[in-house]
Chemist: 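Have a look at this one.
Below, chains carry the letters A, B, ... as their sequence lines are ordered, and counting in each starts from 1. Keep in mind the model is a prediction, meaning the values are calculated, not measured.
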Amino acid sequence: MARVPARTPKGMRDYLPADMIKRRYVFDTVRDVFESFGFEPIDTPVLELRETLFGSGMGEDAEKLVYYAQHAGGKEELALRYDLTVPLSRFVAEHENDIKLPFRRYHIAPVWRGERPQKGRYREFYQCDADIVGVRGPAADAEVMQVVYTALRRLGFADFTIKMNNRKLLTGLGIYAGISDEQLPSLYRIIDKTDKIGLDGVAGMLAESNLPAESVTRLVNILRLDGTGDAQQRLAAIGHLREELDGVAIAQEGLDELEYLTYAADAFGMSGDNVALDLTMVRGLGYYTGPIFETVITKPDNLGSVQGGGRYDELVGRFRGQSLPTTGISLGIERLVDLMEMLDLYPASVSGTTVVQALVTVFDEDSQLGSLRLAADLREAGLRVETYMDPRKNLGKQIGYADSKGIGLVVIAGPDEQAQGLVRLKRLHDGEEIVVQRAAVGAEAAAFLG
RNA sequence: GUGGGCGUAGCUCAGUUGGUCAGAGCGCUUGUCUGUGGAACAAGAGGUCAAGGGUUCAAGUCCCUUCUCCCACCCCA
């Protein structure tokens with residue numbers, strides 16, 4: 001019989017127990033942070049109607065990466081969700097009667113993109129989104145930025161930069177440089193390449209795109225602005241932009257928001273190393289309308305961004321008629337998990353490859369039920385317990401099994417101990433062994449484990 | 001989607017200019033060992049050399065195609 005190849009689809013992975021223990025730690029930490037800011041959990045189907053996803057302003061490039069999902073007799077045109085933002089907009093419109101505005105929700109779930117896989121880039125991956133629906137003011141933007149900062153700090157990251165920019169400012173730059181609306185997307189595309197090709201490269205590409213030389217010069221001079229440093233330096237940079245873009249109303253609006261966020265970051269105690277103004281950060285998704293954010297880890301700096309987000313005030317309107325101002329962020333858990341590993345940021349409690357804390361040994365078939373009962377008592381006391389299943393194996397094999405699996409405690413209650421109403425507890429990492437009363441085994445074992 | 005690199009036992013890899021080249025270490029199974037692990041010794045299982053096609057008397061080794069993974073674009077978490 002021909003063997004069926006055992007493999008996952010391209011760009012999609014299985015997670016082993018050791019992987020899941022670490023992933024769960026990251027998910028739990030992020031969830032705790034989200035909830036501490038008052039975000040409520042929701043979930044949505046992994047499939048959406050195709051019309052929900054398409055034309056949402058995510059961009060034509062992105063739409064080509066959407067997975068279709070159809071069953072034989074299906075009458076609906078379905079697709080796997082590409083992000084959690086478009087589903088949220090649909091969700092808000094659909095459940096308006098059941099939610100309270102402003103609506104703060106978080107959503108931790110997988111999304112699918114048919115890209116070519118690379119390190120830190122998969123076709124199925126989890127996103128952790130936190131969004132605030134129904135608040136127009138920049139306080140909401142400031143708060144989602146603070147969520148990013150808090151979550152990364154809580155996970156143990158120190159060297160990262162939350163880059164901020166503003167779509168209104170970018171629009172204003174287009175006006176300032178005398179660029180038509182049709183040319184704006186290609187302008188953004190070029191500007192976004194700055195960190196790869198440098199400003200000179202950008203200038204070259206702009207010149208090739210038949211922009212007037214004067215426009216190119218004016219633009220590049222603005223983009224040259226240094227948005228790093230402490231709050232005072234960043235405020236000074238914004239002041240400089242204000243003068244330069246005097247008379248461009250939309251740009252001034254964007255600058256107002258950036259100024260607010262700069263003050264906010266300072267008030268939140270974020271250092272100048274963790275925040276930066278970056279006029280060349282654009283973000284590909286087309287639905288952003290105001291402040292935009294993107295975070296990169298700066299120490300190992302080869303894994304792309306770990307966070308993206310911003311304000312998208314028009315998206316909900318697609319599903320609701322009248323729109324609702326919305327802002328939010330998305331953390332890329334896959335890259336965070338990879339980076340946590342590289343930087344060794346996991347606490348000792350999640351370093352193991354098993355959830356089992358204690359192994360109850362077994363001596364023979366006659367006493368096996370007694371072993372199962374002993375395990376039950378230990379579980380009652382809150383321990384995670386596995387019972388050894390093969391009574392023919394000697395004690396040495398059973399201890400060896402516990403050791404190789406990383407189980408810290410072996411529980412021994414053979415005929416000798418049972419006759420005296422006792423249980424023997426052996427701790428593997430230091431070989432320490434104690435004898436305790438059978439009746440008190442739960443508490444004793446928990447204490448012995450530390 | 002475009003260009004490039006890689007692919008030999010579960011894992012890490014060795015395989016000379018095509019001709020005992022199907023191997024090693026680790027891991028796994030069993031035994032020494034029906035009450036105390038990380039060891040030792042012995043025996044054993046496991047591979048259509050990623051898949052398919054071609055050149056040749058002969059291919060893991062050369063050529064073509066496909067696929068995974070990786071890298072650079074594109075784009076993005």
Side-chain angles (χ1 to χ4, degrees), chain A residues 2-13 16 26 30 58-66 82-85 108-129 148 152 188-189 192-193 196-197 281-286 293-297 302-309 329-339 359 361-368 371 388 390-419 424-433 435:
Chain A
R3 212 159 35 160
V4 177
R7 50 169 282 258
T8 52
K10 182 188 179 86
M12 305 189 187
R13 304 165 297 160
L16 292 164
V26 176
V30 169
M58 49 195 267
E60 281 179 36
D61 286 340
E63 289 180 359
K64 282 190 291 193
L65 304 178
V66 170
Y82 177 89
D83 66 10
L84 301 178
T85 304
I108 299 178
V111 302
W112 291 265
R113 297 181 185 178
E115 297 184 282
R116 182 161 295 202
Q118 266 178 56
K119 190 139 224 95
R121 158 179 294 195
Y122 308 97
R123 289 186 161 185
E124 176 182 65
F125 62 98
Y126 277 72
Q127 289 196 322
C128 304
D129 280 33
V148 172
L152 291 176
Y188 291 165
R189 200 176 300 263
D192 200 26
K193 291 184 196 300
K196 284 204 169 143
I197 63 177
M281 188 270 290
V282 175
R283 303 212 40 76
L285 294 172
F293 304 100
E294 185 170 299
T295 303
V296 293
I297 304 295
N302 55 345
L303 219 57
S305 59
V306 297
Q307 176 273 320
I329 56 88
S330 177
L331 288 165
I333 213 74
E334 314 301 340
R335 290 175 183 178
L336 288 176
V337 164
D338 288 350
L339 286 160
L359 179 77
T361 57
V362 59
F363 280 79
D364 51 45
E365 288 185 27
D366 292 341
S367 66
Q368 190 153 29
S371 292
Y388 202 82
D390 187 351
R392 293 168 310 170
K393 291 285 193 295
N394 66 35
L395 195 52
K397 288 276 191 259
Q398 300 188 39
I399 292 173
Y401 170 78
D403 180 50
S404 68
K405 196 171 162 180
I407 301 172
L409 183 69
V410 174
V411 180
I412 303 162
D416 299 348
E417 289 82 3
Q418 283 177 23
R424 193 174 288 272
L425 302 177
K426 183 183 178 68
R427 197 161 56 194
L428 260 39
H429 78 266
D430 59 1
E432 191 70 19
E433 200 167 316
V435 178

Chemist: Heavy atoms from C-beta onward define the side chain here; which of B:rA72, B:rC33, B:rC74 lies closest to that of A:K196?
Modeler: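 It is B:rC74.
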Chemist: Could you tell me the separation between the CZ atom of A:R335 and the C1' atom of B:rC75, rounded to a whole number of Å?
Modeler: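 It works out to 10 Å between those atoms.
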Chemist: Applying a 4.0 Å non-hydrogen cut-off, can you work out what A:Q118 is touching in the nucleic acid: base, sugar-phosphate, or nothing?
Modeler: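 Counting heavy atoms under 4.0 Å across all strands, the contact made by A:Q118 includes a base.
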Chemist: Is any side-chain heavy atom of A:V410 closer than 4.5 Å to a side-chain heavy atom of A:Q398?
Modeler: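 SC-SC contact between A:V410 and A:Q398 ruled out.
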Chemist: Just to confirm, is there a sub-4.0 Å distance from OP1 or OP2 of B:rA77 to any side-chain nitrogen or oxygen of A:R283?
Modeler: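 For B:rA77, OP1 or OP2 has a side-chain N or O of A:R283 closer than 4.0 Å.
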Chemist: For B:rC73, does OP1 or OP2 lie under 4.0 Å from any side-chain N or O of A:K193?
Modeler: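 No, because none of the side-chain N or O atoms of A:K193 sits under 4.0 Å from OP1 or OP2 of B:rC73.
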Chemist: Closer to the 5' end of RNA chain B via nearest nucleotide, is it A:L65 or A:D364?
Modeler: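 Result: A:D364.
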Chemist: With the criterion set at under 5.5 Å between ring centres and under 30 degrees between planes, would B:rA77 be stacked on A:F125?
Modeler: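 The base of B:rA77 is stacked with A:F125 (centres under 5.5 Å, planes under 30°).
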Chemist: Have a look at A:G396 and say if it touches a base, only the backbone sugar-phosphate, or nothing, with a 4.0 Å heavy-atom cut-off.
Modeler: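 Here A:G396 touches the backbone only, sparing every base.
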Chemist: Does the B:rC75 base have a donor-acceptor partner in the side chain of A:R121 within less than 3.5 Å?
Modeler: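 Check passes, donor-acceptor contact within cut-off.
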Chemist: Going by modelled atom types, is there a donor-acceptor pair between the base of B:rG35 and the side chain of A:Q398 at under 3.5 Å?
Modeler: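 Answer is no: no donor-acceptor pair is held.
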Chemist: Find the distance A:R7:CZ to B:rA51:P and express it as a whole number of Å.
Modeler: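 To the nearest whole Å, that distance equals 14 Å.
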Chemist: Please determine if a side-chain N or O atom of A:R427 lies less than 4.0 Å away from the OP1 or OP2 oxygen of B:rG37.
Modeler: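 For B:rG37, neither OP1 nor OP2 has a side-chain N or O of A:R427 closer than 4.0 Å.
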Chemist: Tell me whether A:E365 at atom CD has more than 12 heavy atoms from other residues, nucleotides or ligands lying less than 6.0 Å away.
Modeler: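 Open.
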Chemist: If only side-chain N and O atoms of A:K393 are considered, is one of them under 4.0 Å from the OP1 or OP2 phosphate oxygen of B:rU30?
Modeler: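 Yes, because at least one side-chain N or O of A:K393 sits under 4.0 Å from OP1 or OP2 of B:rU30.
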Chemist: Establish, with yes or no, whether the OP1 or OP2 oxygen of B:rU68 is under 4.0 angstrom from a side-chain nitrogen or oxygen of A:K10.
Modeler: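 Yes, within the criterion.
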